[in-house]
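Structure first, then comments.
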Amino acid sequence: MLSIDKIDQFYGESHTLWGLELEVAQRQCTCVLGRNGVGKTTMLKAVMGEVPIRGGKLLFDGTDISRLPIEARPRLGIGYVPQGRQIFPLLSVEENLRTGLGIGRSKRIPERIYELFPVLLEMRGRRGGDLSGGQQQQLAIARALTLAPRLLILDEPGEGIQPNIVTEIGRVLRRLIDEDGLTVLLVEQKLPFARRYADRFALIDRGRNVAEGPIESLSDELVARHLGI
Amino acid sequence: QDQGPIKVGILHSLSGTMAISETVLKDEMLMLIEQQNERGGLLGRQLQPVVVDPGSNWPMYAEQARQLLAQDQVDVIFGAWTSVSRKAMLPVVEELNGLLFYPVQYEGEESSQNVFYTGAAPNQQAIPAVDYLIDELGIERFVLAGTDYVYPRTANRILEAYLKDERGIADEDIMINYTPFGHSDWQNIVAQIQQFGSQGKPTAVVSTINGDANVPFYLELANQGVDASDIPVIAFSVGEQELSGIDTGPLVGHLAAWNYFQSIDTDANAEFVDAWQAYTQDDAAVTNDPMEAHYIGFNMWLEAVRKAGTTDVDAVKEAIIGVTVPNLSGGYAAMMPNHHITKPVFIGEIQDDGQFQVVWETPSTVAGDEWSDFLPGSRDLISDWRAPLRCGNLNVQTMSCGGSTAAQEAEAALAE
Amino acid sequence: MKLFPLPLFASSGARLFALLGLCACLMVVILGQQAHAQSPDDAALLESLGTGSFNDKSEAINSVAASGTPRAGEWLEAMLDGRLQLAGDGTLVIVASTSGRSLEARAALDGAPMGTIERRELRRIPINNALRVQLRGAIATLDLSAEDPAVRRAAAAGLFGRVDDDLASLIEARLEGEEDESVRAALERALALPRLEHGDVTAIEALRGSQDNAVRLALTRAAQSGDAQMAAAAQQALGEIERRAEINRWLQQLFFGLSMGSVLVLAAIGLAITFGVMGVINMAHGELIMLGAYTTWMLQQWLPGQPGLAVLLAIPAGFLVSALVGIVLERGVIRYLKGRPLETLLATFGVSLILQQLVRTMISPQNRSVVTPEWMSGSVMVIDGLSLTLNRLYVMLFAALVFLALLAVMRATRLGLEVRAVTQNRAMARAMGIRASRVDLLTFALGSGVAGLAGVALSQLTNVGPSMGQNYIIDSFMVVVFGGVGNLWGTLVAGLSLGIVNQWLEPWVGAVLAKIAVLVFIILFIQKRPRGLFPQKGRAAEG
Amino acid sequence: MKPLSSLIQRDRVFDFLKPRESPVDVRHGPILYLDEVSVSFDGFKAIDRLSLTIDDGELRCIIGPNGAGKTTMMDIITGKTRPDSGEVWFGTRHDLLRLDEPQIATLGIGRKFQKPTVFEALSVFENLELAGASDKRLWPSLFARLDAQARERIEETLELIQLTEQRDRAAGVLSHGQKQWLEIGMLLMQRPRLLLVDEPVAGMTEREMARTAELLRGLAGRHSVVVVEHDMGFVRSIANKVTVLHQGRVLAEGTMDQVSKDSRVAEVYLGAPEEELVR
Amino acid sequence: MAHGWLVRPWHERSTQVFLFSVCAALALVTLLHLALPAGHPLHVSAYTVNLLGKYLCYALLAVALDLVWGYLGVLSLGHGAFFALGGYAMGMYLMRGIGERGVYGNPELPDFMVFLNWDRLPWYWHGFDMFWFALVMALLVPGLLAFAFGYFAFRSRVSGVYLSIITQALTFALMLAFLRNEMGFGGNNGLTDFRELLGFDLRQGSTRLGLFIASGVALMFGYLVCRALISSRLGRVGMAVRDASNRVRFLGYRVERVQLYVFVVSAMLAGLAGALYVPQVGIINPNEFSPLFSIELVVWVALGGRATLYGAVIGALVVNYAKTWLTSAMPDAWLFVLGGLFVAATLLLPQGIAGLLAQLRRRKSAKRDEDREALT
Ligand SMILES: Nc1ncnc2c1ncn2[C@@H]1O[C@H](COP(=O)(O)OP(=O)(O)OP(=O)(O)O)[C@@H](O)[C@H]1O
Ligand SMILES: Nc1ncnc2c1ncn2[C@@H]1O[C@H](COP(=O)(O)OP(=O)(O)OP(=O)(O)O)[C@@H](O)[C@H]1O
Ligand SMILES: NC(N)=O
Ligand SMILES: [Mg+2]
Ligand SMILES: [Mg+2]
C-alpha cells in the first residue's frame with residue numbers, strides 16, 4: 001500500500017534518514033521500532049510531507065506522493081496521529097474532531113468515534129488544550145479516524161494513556177484492520193504492545209532500516225542489538 | 001559660482017501627516033520657478049529648484065535645511081508649515097546664514113534675521129476676526145477651540161487678553177477648549193458648545209483647530225444642527241484646500257479669516273488661479289492663503305535679488321526690507337523691517353461650492369506684528385533688522401537688545 | 001413699534017443679527033398684508049434682489065415679502081438656496097440645481113423656461129448669514145398662509161420661540177380661521193411663549209416638559225418674577241424640565257460613548273481577524289480602511305448627484321476593493337512569512353508606506369470630500385430634547401451588523417473552524433486535509449474586506465485622506481489586544497467600553513486628558529488581566 | 001572512564017545526585033502533606049478533597065486514569081495552580097500555598113513535566129547549566145562564572161542522559177525521547193529534595209525504561225520522589241507504594257500487588273486482561 | 001567576582017570585530033573631516049559628521065531595543081519613550097543653558113514659558129542647569145519609568161502582544177502629555193534654539209565632531225554592556241524566559257526580576273541615546289514619543305536582524321541613511337523605495353541583514369573547509 005523507497009532526509013546539514021526503505025503491506029499493521037532519536041518520527045513526517053526529502057520516492061497505492069502538498073495526502077486516505085498529540089489546544093474537543101470532516105466523506109462526526117472513546121463525548125465542549133495528556137492522545141487518534149483513512153499512521157499512540165485504554169486502542173486497531181480493511185503504520189516502543197497487535201515489524205537504526213519481517217521473527221537478539229543501549 | 005543656475009530650496013513635506021497641506025506649496029513653487037525661468041530667469045541666470053521631503057518629521061526639517069544650505073548650496077529656502085518645523089530649522093538657517101521664507105500664519109513671538117514671515121502674525125488674522133464678530137455680528141460669548149499646540153495656545157492667549165482687556169468680555173463668556181491632533185470624535189465638544197451658546201447671548205466659535213480634525217468637527221456641527229446663523233464658527237486654519245476635503249453643503253455661512261481667498265475678484269488673482277489650474281492640469285484645483293504668501297515671498301525675493309544684483313544672502317537681506325510687490329487681492333505687500341509683511345485681512349463665508357465669499361475686509365493693509373501687544377512678556381519688544389539696529393527683540397523700555405545670537409554676531413561684526 | 005424682549009429670541013443660540021433681520025422683515029410683511037398695498041412693479045422688485053450691497057438686499061427682501069406678489073415665496077427660496085442667479089444678459093433666472101456644468105433655468109420674473117445655460121455664464125446672487133436668517137423668517141411667515149396644512153404646520157413650528165407681539169397678533173388672527181387641528185396646536189404652542197412673557201400663568205401648562213431652550217430661559221425669568229403664583233408654577237415646571245434634561249444628558253452621553261465605541265469596533269474588527277485570529281501583525285490595516293473610504297469617494301464621483309446610492313454601493317465595493325488588496329498582500333508577501341509573525345510587522349509596515357504614497361501620487365495628497373447622503377444627515381429627535389445624529393446612528397447599526405455577520409462566519413462556517421485550526425497548528429491542520437494556504441487567503445481577504453467596510457463607514461464621519469489609516473491603526477491594535485486576542489466578543493466589548501469611558505471622561509477633564517486617561521486605564525487594566533478582557537483561558541493558553 | 005552502569009547503581013549515590021541543603025523541616029513528619037485539596041475548572045472538579053502524604057525519602061508512584069488529576073496535583077504542589085480549598089505543606093514549616101513557583105523551586109521541589117519542556121534556543125549544555133546553577137538570584141546570575149566543579153557536574157549528567165554528543169546542539173532539535181531525557185537531566189541538576197516526575201518513560205524503549213527505573217530508585221532515600229506513570233511494568237519495577245487517583249481523589253493505596261488486585265482499580269484503570277500488557 | 005563580567009565579551013570575536021569597526025569608522029571620519037580640505041572629494045563635511053552622529057544615536061537606541069526584543073522576547077513598542085525622555089532631560093539642560101540669550105532675555109525662564117505667562121520655573125526644571133544632573137536624569141528618568149512600568153507589568157506576567165500594546169499605550173500617553181502646553185515642556189514646539197553644551201558652542205564644527213565621537217563611544221559602551229549581559233548566565237536565563245518563561249520559574253529563577261533588570265538597562269541606554277541625539281539635531285519634541293516612531297524603530301531592528309545586536313546597528317544605519325539619501329534624491333517616490341525595501345528584505349532576508357552576513361560567513365568557512373579537505 002505504502003512503499004518508502006530509499007528516502008534521504010536532512011535537517012539542515014545533518015543527515016537523518018539514509019536511504020530508508022520500508023514496505024507497508026495492505027490490511028496489516030506494520031510496527032516500526034528503534035531507539036530514541038534514530039529517525040522514526042522523521043520518517044513519518046516525511047511520509048506526511050511535513051519534512052522535505054532529498055532523495056527517494058514515496059509510493060502510495062502505486063502513485064508517487066512525495067511531491068504532493070501535505071493536505072493532499074489525507075485526501076488520498078492517510079490519517080496521521082503525530083507524536084506529542086498536536087491537538088488544536090483552543091478548539092473544543094468536538095471542533096477538533098470536526099477538522100477532519102473537511103475532505104468531504106461525511107458531514108457529521110461518526111457515532112463510532114464516541115463509542116470508541118467515550119471520554120471524548122463527555123468532554124465534547126471542553127478546549128482540547130485543557131484535557132489531560134491521555135485524553136488528548138485519545139482525541140488525536142479519534143481525530144485521525146474522522147478522516148476515514150485507508151492508511152493510519154500512528155506515532156507512539158499509547159504514550160501517556162491508561163493501560164485499559166491502551167488495550168482498547170490495540171483492539172480497535174485490530175478490528176479496523178481486520179473488519180474495515182485499514183492499513184496501519186505504527187511507531188511503538190513498547191514491545192508487548194507491538195508483539196500483540198502488529199503483523200510485521202521494522203527496526204530502524206540511525207536512519208536506516210536494519211531489519212524487518214513478520215512480528216514473530218522479532219528475536220531478542222535483534223531487540224538487544226538495536227533497541228539496547 | 002555666479003554663472004550656474006540659482007538654486008531655490010523647497011522644503012515642504014510630501015509625505016506623512018503634513019503632506020496634506022504642504023504638497024501644494026511645493027508644486028506652487030515649482031510653477032513659480034518655471035514661470036520665472038520662462039521670463040528669462042533672474043539676473044540672467046536660470047532658477048533651479050531643489051526639492052527635498054522631510055516627511056513630516058521635525059528633526060528631518062533641520063537635517064534637510066542643513067543639507068540644502070551646506071551641501072546643495074541653495075540661495076534661498078521656501079518651506080515649512082508648522083511652527084515646530086520652523087523652530088527646528090531656525091538654528092540651522094541662522095548658523096549657516098541662509099534665507100527662509102515661511103508662508104503660514106503663526107503665533108508670532110519670534111524674529112530672526114534669516115527668516116521672512118509671509119504668513120499672518122496674530123494681529124493680521126485673529127484680532128481683526130474677533131473685531132468682526134463683535135462689531136458686525138454682535139457676538140458676546142466666545143468659544144476658543146483649538147488643537148493643543150503652540151499656535152492655538154498662543155493665539156488664544158492673545159485673544160483672551162484682547163477680549164477681556166480691550167473688549168470687556170467677561171470671564172464666564174469665554175470658553176476655551178483644546179483637543180489633540182487629528183481629533184475625530186467631536187460629539188461631546190459640539191454638545192458643550194451648543195450648551196454654552198444657548199444661554200441667551202449671541203455666541204461664536206473661534207477655531208484654531210488644525211487640519212485633519214476639521215472635517216469631523218464641521219460634520220458634527222452640521223449633524224447636531226449647529227447652524228452658522230445660530231453659532232458661527234470662524235476658523236484660522238481652514239482654507240480652500242481644507243474645504244476641498246469636506247462636503248461644504250451643511251457648512252454654508254461659517255467663516256474664516258485670511259489674507260487671501262481664491263474667490264477674490266482681481267485680474268492678478270484670476271491669472272494666478274488660471275495658471276495654477278493649468279499647471280496642475282486640474283480645473284478644480286484650488287488656491288489658498290499660504291500659496292499667496294509664497295507667491296508674495298517669491299516675488300519679494302526676486303525683487304530683492306534684482307535690487308541687490310546678487311543672490312548673496314547678506315545683500316538680499318539688506319535689500320529686501322522695503323520691497324513692495326503686488327499681492328493677489330489688488331493691493332501691495334511690503335516687507336517690513338521686522339521681516340513680516342503688510343496684508344489685508346478678509347473675512348469670508350463658506351459657500352456650498354467650497355469657496356469663500358468675502359463679507360468683510362479691513363479698510364487697509366495691516367503690518368505684521370510679531371511681538372504681541374497683548375502679552376505681558378512681549379508687549380515691550382519690537383524687531384527691526386535694518387542697520388544699525390539689527391535687532392529682533394529690542395526692548396523699547398530698556399532699549400536693550402535681547403539675546404539673539406544673530407544680533408550679537410552682527411554687533412560683533414560691527415565692532416571688528 | 002415695540003420690539004419683543006431680546007432673550008426670548010434665543011431659541012438655540014442667540015443671534016442679534018437674526019433678530020434684527022427677521023424683525024424688520026416681519027414688520028413689513030404684516031404691514032404689507034394688512035394694507036393690501038398696491039403691487040409695485042414686480043420687475044423692479046426682482047431687480048432689487050439681485051443688486052446692491054447686503055444692506056440693499058436686506059431691504060429688497062423686505063419689500064418682496066411685503067409686496068404680496070405671488071412669486072415672492074419662490075424668489076426668496078431660490079435666493080436662499082443660491083438658485084437665484086444672474087445670467088450673462090443681465091436677467092435673473094432660477095436654476096433647478098446648483099451643481100453640474102450646465103444648468104436648467106427659467107426666468108425668475110415669469111417662470112418661462114429658458115433651457116440650459118452654461119454654469120460659467122451664470123453668477124449666483126451672493127447672500128450672507130444675516131440675509132439667510134432674514135430669508136428663512138420671511139419664508140416661514142409667508143408659509144403661514146400656504147395651501148398645504150403640512151407647510152403651515154411646519155411654518156408654525158418653525159416660528160416657535162421667535163414670536164414677538166406683532167407676529168403674535170398675526171398668529172392669533174390665523175388661529176381664528178384655522179381649521180386643521182394639528183396646525184392649530186402648533187400655532188397655540190407658538191403663542192405660548194409670548195403669553196408667558198405677558199404673565200399668563202396658564203401658558204406654563206402648554207410649555208410643561210418642553211426641552212426647548214427658549215422655554216427654559218423664559219421660565220427662568222418667570223421664576224424670578226414678582227408674581228408669586230407665576231414664580232412658583234414656573235419654578236415647578238423648571239424643576240421638571242431639569243430632571244428630564246438630566247436624564248437626556250445621561251442618555252446622550254451614553255449615545256456618544258456607544259457611537260465612539262462602535263467606530264472603534266468597526267476599525268478594529270477586521271484586525272481582530274487578521275491579527276487576532278490569524279496572528280498577522282498587519283500594519284497596513286489602516287490603509288485597508290483608507291481604501292474602503294476612497295472607494296466611497298470614487299463611487300460618488302462616478303454617480304454624481306446620487307451620494308446615497310454611492311454609499312450603499314460602496315458597502316460591497318469597499319469590501320471587495322480592500323479584500324482584493326488583501327489577497328494581493330497575502331499572496332505576494334504574507335504567505336512567505338508563515339510562522340514568522342514578527343516579520344509580518346516589517347513587511348506590512350512597508351506596504352502601508354507604499355499604499356499611502358500611492359494614494360498621494362495617484363489621487364491627491366489632499367483630503368477628498370465625501371458627501372453625506374440626505375438620509376444620513378442631521379439628527380433625529382428620539383424624545384423631546386434628545387436628538388441623536390443620524391450618521392452615527394447608522395454607523396452604530398452598521399457596526400452591529402458587521403460584527404454579527406463576522407461572528408456568524410467565524411462560529412458557524414467551516415472557514416471559521418479551519419482558520420482557527422490552521423493558526424493553532426498549521427502542520428497538523430494540513431495533515432487533517434485542510435488547505436491551509438487557501439484558508440489563509442480567504443481569512444485574510446475577509447479581514448481586509450471588513451477593514452474596507454470600516455472605511456466606508458468612516459468616510460461618513462471623518463476625513464478621507466492618505467494618512468487617515470494612521471489614525472486608526474494604533475487604536476485598532478489597542479482595542480483588539482484589550483479585548484483579548486482571538487476573541488471577537490472581546491473586541492466588541494473593548495471597543496464599546498473604551499468609547500464610553502472616553503466620552504464619559506471628556507466633559508470632566510477635556511479631550512486630551514480623557515485620551516491619556518483611557519491609555520492609562522488600559523495599562524492598568526492589563527495589569528489586572530494580563531490577557532485582556534476575555535482571555536484565552538486554561539492550560540493551552542498558559543503554554 | 002567508569003562504566004556507565006556503575007553510575008546508576010542504587011547503592012552508589014554520586015555526589016552530584018545529593019540533594020542540596022534545603023531548609024525543609026521533616027523532623028516531625030512527612031515531607032509533603034496535602035490535606036483536603038480541591039480545585040475545579042469552570043465547574044469541573046479536577047481535584048476533589050484530595051489528601052496525600054509523602055514521607056521523606058519515599059519513592060511513591062501515582063497512577064490513575066487519564067484525567068484523574070495527577071498532573072493537576074503536581075501543578076498545585078509547584079504553585080502553578082492555586083487550589084480552591086485545602087492545604088499543602090512542604091515539611092512542617094512551609095505552607096506552599098503562600099509561595100510562588102520560584103520560591104517553591106528554591107525550597108527544593110523539582111519537576112519534570114508531562115510534555116517535555118526544555119529551552120529550545122539554548123544548547124543542551126546551557127539547559128543543564130541553568131537548571132543546576134546554585135544561586136538563582138539576579139546579581140549572582142549576572143556575575144556567575146562556571147567553575148570546574150559545576151562543569152564537571154554537567155558533564156556527568158550529560159553522560160548519564162546520553163546526550164554528550166548533543167551537548168552543543170540547540171535543545172529544540174532533539175527528538176521527543178531525547179527531550180524527555182534532557183528534562184530528567186535538568187531535574188537532576190536541580191538536586192531537589194522532592195522530585196515530581198510526570199510520565200518519565202513515555203516514548204522510551206525498554207532499555208531506557210530500565211535505566212530510568214534504576215536512576216529513580218537510586219535517588220530514593222535521600223530524595224523523595226513522586227512518579228506518575230501509566231506503564232505498569234515500569235511502576236512495578238520501582239514502586240513499593242502506589243497511590244491510585246480517580247476523579248480527583250484517592251481510590252486505593254498500597255503495594256503494587258495490593259492495588260492491582262483491587263477490582264475498582266482494575267475496572268477504571270488497568271482493565272480486565274491486565275496480564276497481557278503488564279509483564 | 002563582580003569584575004569579570006564586563007570583560008568577558010572582549011574575548012568574543014564578534015565583539016572584537018564590532019568594536020574595531022566602530023573605532024576605525026570614528027577615526028576615519030575624524031581624519032577625513034579634519035585633515036582634508038573642504039573641496040577634496042574624500043572630505044567629510046561637517047554636515048555629514050552631524051548626520052553620522054545622529055545615526056549613531058539611532059543605532060544605540062536600536063541596540064537597546066534589540067536587547068529586550070531579541071534576547072528577552074519583550075517586543076517593546078514604546079522604546080521611543082525612553083529615548084525621548086533622555087532627550088528631554090538633555091534638552092532641558094540645553095534650554096537652561098540659553099540663559100539670557102533667549103528672545104525675552106529672561107535669565108531663568110525658557111522663552112516658551114515667558115510668552116505663555118509662566119511666572120516661575122516649575123519645580124521639575126530645577127537642577128537642569130547642571131550638566132551632571134541632566135545627564136544623570138537622562139539615564140535615571142527612563143530607568144525609573146521602565147522600572148515602575150516593568151515592575152507592575154512583569155509582576156502581573158503581562159507578556160507577548162499585551163506587553164507590546166501597553167508599552168505602546170505608555171508612549172502614546174506620554175506623547176499626548178508632552179504635547180500639552182501645561183506640562184511645561186514646550187508642547188508641540190518642544191525645546192529648541194540650543195546654544196551651548198558644557199560651554200562648547202553647538203554651532204561649531206568641532207563641537208559637532210565631539211558629539212559624533214561621543215555618540216560612537218556611547219554606542220560601543222552600550223554594545224559592550226548588552227553583550228556582557230547576554231553572555232552572562234543572566235543573559236541565558238533571559239533567553240530561556242523568551243522561549244518558556246513559565247518553565248524558568250520552576251527552576252527557581254525570578255523571571256520578573258530578570259525581565260525588569262534587562263528592561264531597565266535597555267531603557268537607560270535608550271535614554272543615553274536620546275541625550276546624545278538632542279544636541280546634534282537641535283530639537284526635541286513630542287514626536288519622538290509617537291508610537292509610529294517606536295514601530296519604525298522595531299523595523300530597523302527587524303531589518304538589521306534580530307538578536308544579534310550588531311544587526312540592530314546595521315539596520316538603524318541602513319534605514320536612516322536610505323531615508324536621508326532618498327528623501328532628497330527622489331522626494332516624491334522615496335516611500336515606494338523604502339517601503340519596497342522593507343518588503344523585499346523580509347522576503348529575501350529572513351534573518352535580516354545580519355543573517356545574510358552570517359550566511360555569507362558560513363558559506364565562506366564551509367568553502368574553506370572544503371578546500372582544506374580537498375588538500376588533504
Ligand atoms: N527540527 C529538527 N532539526 C534538526 N534536527 C532534528 C529536528 N528534529 C529532529 N532532529 C534530529 O533528528 C534525529 C531523529 O529525530 P526523530 O524525532 O525522528 O527521532 P525518533 O526516532 O522519533 O525518536 P523518539 O523515539 O525519541 O521519538 C534526532 O537526532 C533529532 O535530534
Ligand atoms: N485549565 C483547565 N481547564 C479545564 N479543565 C482542566 C484544566 N486543567 C485540567 N483540566 C481537567 O482536569 C482533569 C485532570 O487533568 P490532569 O491533567 O490532572 O489529569 P491526569 O491525571 O494528569 O491525566 P493523564 O494521565 O491523562 O495525564 C482532566 O479532566 C482535565 O480535562
Ligand atoms: N504656524 C502654524 N499654523 O503652526
Ligand atoms: Mg519520535
Ligand atoms: Mg497528566
Side-chain angles (χ1 to χ4, degrees), chain A residues 41 44-45 47-51 68-105 107 126-133 135-136 139-140 142-149 152-153 155, chain C residues 272-273 275-279 331 335-336 338-339 341 407-443 483-490 531-532 534-543:
Chain A
T41 299
L44 300 189
K45 283 189 174 169
V47 173
M48 285 315 293
E50 281 180 21
V51 297
L68 290 181
I70 304 180
E71 53 264 39
R73 304 184 196 205
R75 281 162 200 271
L76 292 175
I78 307 180
Y80 181 42
V81 181
Q83 188 162 30
R85 300 159 196 139
Q86 312 285 339
I87 45 105
F88 303 109
L90 298 174
L91 298 190
S92 69
V93 167
E94 189 174 336
E95 286 172 326
N96 262 284
L97 294 174
R98 287 221 322 265
T99 55
L101 301 181
I103 59 179
R105 269 161 233 241
K107 285 285 144 231
R126 195 168 303 185
R127 271 180 297 259
D130 290 344
L131 298 189
S132 80
Q135 292 164 341
Q136 290 185 3
L139 176 57
R143 187 180 55 184
L145 291 178
T146 59
L147 292 168
L152 184 62
I153 299 177
D155 199 347
Chain C
I273 303 287
F275 171 64
V277 180
M278 293 181 72
R331 281 292 96 144
R335 172 156 70 126
Y336 303 103
K338 286 285 118 72
L407 199 65
V409 170
M410 295 311 285
R411 282 281 169 86
T413 67
R414 176 110 199 126
L415 179 66
L417 178 67
E418 292 193 344
V419 63
R420 281 181 292 149
V422 168
T423 38
Q424 286 171 37
N425 192 332
R426 188 176 187 81
M428 194 58 225
R430 297 181 69 190
M432 293 304 293
I434 295 172
R435 293 202 181 91
S437 77
R438 213 190 63 169
V439 170
D440 286 336
L441 184 66
L442 287 178
T443 319
V485 173
N487 189 317
L488 290 184
W489 282 106
R531 288 174 176 273
F534 292 93
Q536 308 269 22
K537 274 187 296 196
R539 291 177 160 178
E542 282 153 21

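Chain identifiers are assigned alphabetically (A, B, ...) following the order of the sequence lines, protein sequences preceding nucleic acid strands; residue numbering begins at 1 within each chain.
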Practice item. Please name the pair of heavy atoms, one in C:Arg420 and one in A:Leu91, separated by the smallest distance, quoted to 0.1 Å. Key: CB-CD2, 3.6 Å
Review point. Salt bridge (Lys or Arg N to Asp or Glu O under 4.0 Å) with A:Arg126: which residues, sequence neighbours excluded?
Key: none
Review point. Which of residues 428-436 of chain C get closer than 4.5 angstrom to chain A, counting heavy atoms alone?
Key: C:Met428, C:Ala429, C:Arg430, C:Ala431, C:Met432, C:Gly433, C:Ile434, C:Arg435, C:Ala436
Check your understanding: So which heavy atom on A:Ile70 is nearest to which on C:Ala427, and how close?
Key -> CG2-O, 4.5 Å
**Study point:** Interatomic spacing from CG in A:Leu90 to CD in C:Gln424 - rounded to 0.5 Å
**Key:** 4.0 Å
Exercise for review: Check whether any side-chain heavy atom of A:Glu71 lies under 4.5 Å from a side-chain heavy atom of C:Arg438, and answer yes or no.
Suggested key: no
Review point. Which region of A:Arg73, side chain (C-beta onward) or backbone (N, CA, C, O), has a non-hydrogen atom less than 4.5 Å from a non-hydrogen atom of chain C, or is it both or neither?
Key: neither
Exercise for review: Measure the CD-CG distance between A:Gln86 and C:Asn425 for me, rounded to the nearest 0.5 Å.
Suggested key: 5.0 Å
Practice item. Among the options A:Glu95, A:Lys45, A:Glu50, pick out the one with the most heavy-atom pairs lying under 4.5 Å from chain C. Key: A:Glu95
